[in-house]
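To start, the structure itself, in structure tokens.
Each chain gets a letter, A, B and so on, in the order the sequences are listed, and its residues count up from 1. No experiment lies behind these values; they were computed from the predicted model shown.
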Amino acid sequence: MFCRRPRGLRIGLALLCLALAPDRAWGQAAACAAFGVGGVLPTLARPALAVRTHLLCNRAYAVLASGVSRGPLWSAEHLTAAAVEAARSLPRRGVFAADQRLPPSDRAEIEDFRRSGYDRGHMAPSGDMADDAAQQESFLLSNIVPQAGDLNRGIWAGIEEAVRNLARRDGDLYIVTGPAFHARDLSRIGGHVLVPTSTWKAVYDPARNGAGVYVCRNRAVRPTCNEVTVDTLIRVVGVDPFPALPDAVKAARFDLPHPDAGPAERRTRRQMREIERLWRRWLKG
DNA sequence: CGGCACGTCAGT
DNA sequence: ACTGACGTGCCG
């Protein structure tokens, strides 16, 4: 992970690579670690996810970029109330750009998203960033996945806002955001960039010593969200957002604030059929 | 992701 | 009318 090209490396070689890493890489890793609970960044519980990954450190978040999905697997932040205050008075702007730290074979390009039908969805949100430089870094495509517009601009935006409000109220939060890919229905845009089936946001609240995860279906028609435990995220997605947390905290349900209701969702034909089906089952007993 | 439930449809 | 393969949605 610390090496630029982990392709084909086995454990021993990876350790060697770690030992030989230049000072700058060590420094980056150390700075990065501060974004994780207890100084520990997220880990991958599913080994298949680890191929062609690159750990990238930014001013306000760390991200693990995948050359397979050509996007982030997780973005980790430590969001403070002070940062939220500063972000509030900062104009929201930035320029989407390919992340030149990644080799061309492992990164998304602007053209991949053009006319794809998907929004460029931030993992670490631009609205969390307290200064211009940090905000610009959030627009790097290593922090971006293809996201359904109604999700990105609807309930997902509401979740981001609700989480910022929680950070203001409780002082600080550790937040890890990422995509989930269901092998059953994978698609790509631009021939390269994998479209996630869901996007999720894990939140640890030190003030209340609790953690929970928002999970949203990344689809155009009915992009609904729900909450699950950290345990469920680890089992299903294969990312442990908070490895340093005790098992009891990961297993416990924890109420996260509900997002502000987005624009009223209109009822689709599919949804009507579902309602009819449930109604029939109810009548049967 | 995997497991279950359900709907569709083609072939008996 | 029955059956199994297949697709799709939901859930944790």
Side-chain angles (χ1 to χ4, degrees), chain A residues 42-53 64 66-75 117-118 121 123 145-152 154-156 159 163 175-189 193-205 210-243 245-259 261-262 265-285:
Chain A
T43 53
L44 302 178
R46 196 181 298 278
L49 291 176
V51 304
R52 279 163 63 195
T53 49
L64 187 70
S66 165
V68 176
S69 67
R70 305 262 188 143
L73 293 183
W74 52 256
S75 291
Y118 289 93
M123 295 296 91
V145 301
Q147 199 172 32
D150 282 357
L151 176 60
N152 185 34
I155 193 167
W156 186 258
I159 287 172
V163 169
I175 307 165
V176 180
T177 312
F181 302 96
H182 202 159
R184 208 199 270 174
D185 36 29
L186 285 185
S187 68
R188 291 179 187 273
I189 59 169
V193 183
L194 272 180
V195 179
T197 35
S198 308
T199 54
W200 48 268
K201 187 180 288 289
V203 177
Y204 174 63
D205 184 340
V213 187
Y214 300 95
V215 184
C216 301
R217 279 146 206 289
N218 184 34
R219 59 184 182 199
V221 281
R222 201 159 50 107
T224 53
C225 304
N226 67 327
E227 287 175 35
V228 300
T229 63
V230 171
D231 264 359
T232 297
L233 178 76
I234 296 170
R235 193 178 69 250
V236 170
V237 178
V239 175
D240 184 344
F242 311 121
L245 284 186
D247 288 343
V249 177
K250 293 181 183 179
R253 291 227 164 247
F254 180 72
D255 276 333
L256 293 169
H258 289 295
E265 60 179 53
R266 66 193 177 79
R267 208 151 263 186
T268 65
R269 195 167 320 177
R270 190 83 188 78
Q271 198 173 357
M272 287 306 294
R273 247 189 291 161
E274 172 101 2
I275 289 166
E276 283 167 14
R277 189 171 61 76
L278 290 169
W279 181 240
R280 273 200 304 276
R281 198 204 293 186
W282 172 260
L283 287 179
K284 261 195 275 185

Among the candidates [options], find the nucleotide nearest to the side-chain atoms of [X].
X        : options               : result
A:Arg184 : B:dG3, B:dC1, C:dG12  : B:dG3
A:Arg235 : B:dC1, C:dG9, C:dG12  : C:dG12
A:Arg217 : C:dC10, B:dC1, C:dG12 : C:dC10

Could you tell me how far apart [X] ([atom1]) and [N] ([atom2]) are, to the nearest whole angstrom?
X        : N      : atom1 : atom2 : result
A:Phe254 : C:dG12 : CZ    : P     : 19 Å
A:Asn226 : C:dG9  : CG    : C1'   : 13 Å
A:Asn218 : B:dC1  : CG    : P     : 14 Å
A:Arg46  : B:dC1  : CZ    : P     : 7 Å
A:Asp231 : B:dC1  : CG    : C1'   : 15 Å
A:Arg253 : C:dC11 : CZ    : P     : 12 Å
A:Ile234 : B:dG2  : CD1   : C1'   : 17 Å
A:His182 : C:dG9  : NE2   : C1'   : 11 Å

In Å, rounded to the nearest 0.5 Å, how long is the span from [atom1] of [X] to [atom2] of [Y]?
X        : Y        : atom1 : atom2 : result
A:Arg70  : A:Leu194 : CZ    : CG    : 10.0 Å
A:Tyr118 : A:Asn218 : OH    : CG    : 6.5 Å
A:Ile155 : A:Tyr214 : CD1   : OH    : 9.5 Å

- Using a heavy-atom cut-off of under 4.0 Å over every strand shown, decide if A:Arg219 touches base, sugar-phosphate, or nothing. sugar-phosphate
- Mark yes or no for whether A:Arg219, through its side chain, and A:Arg222, through its backbone, hold a donor-acceptor pair below 3.5 Å. yes
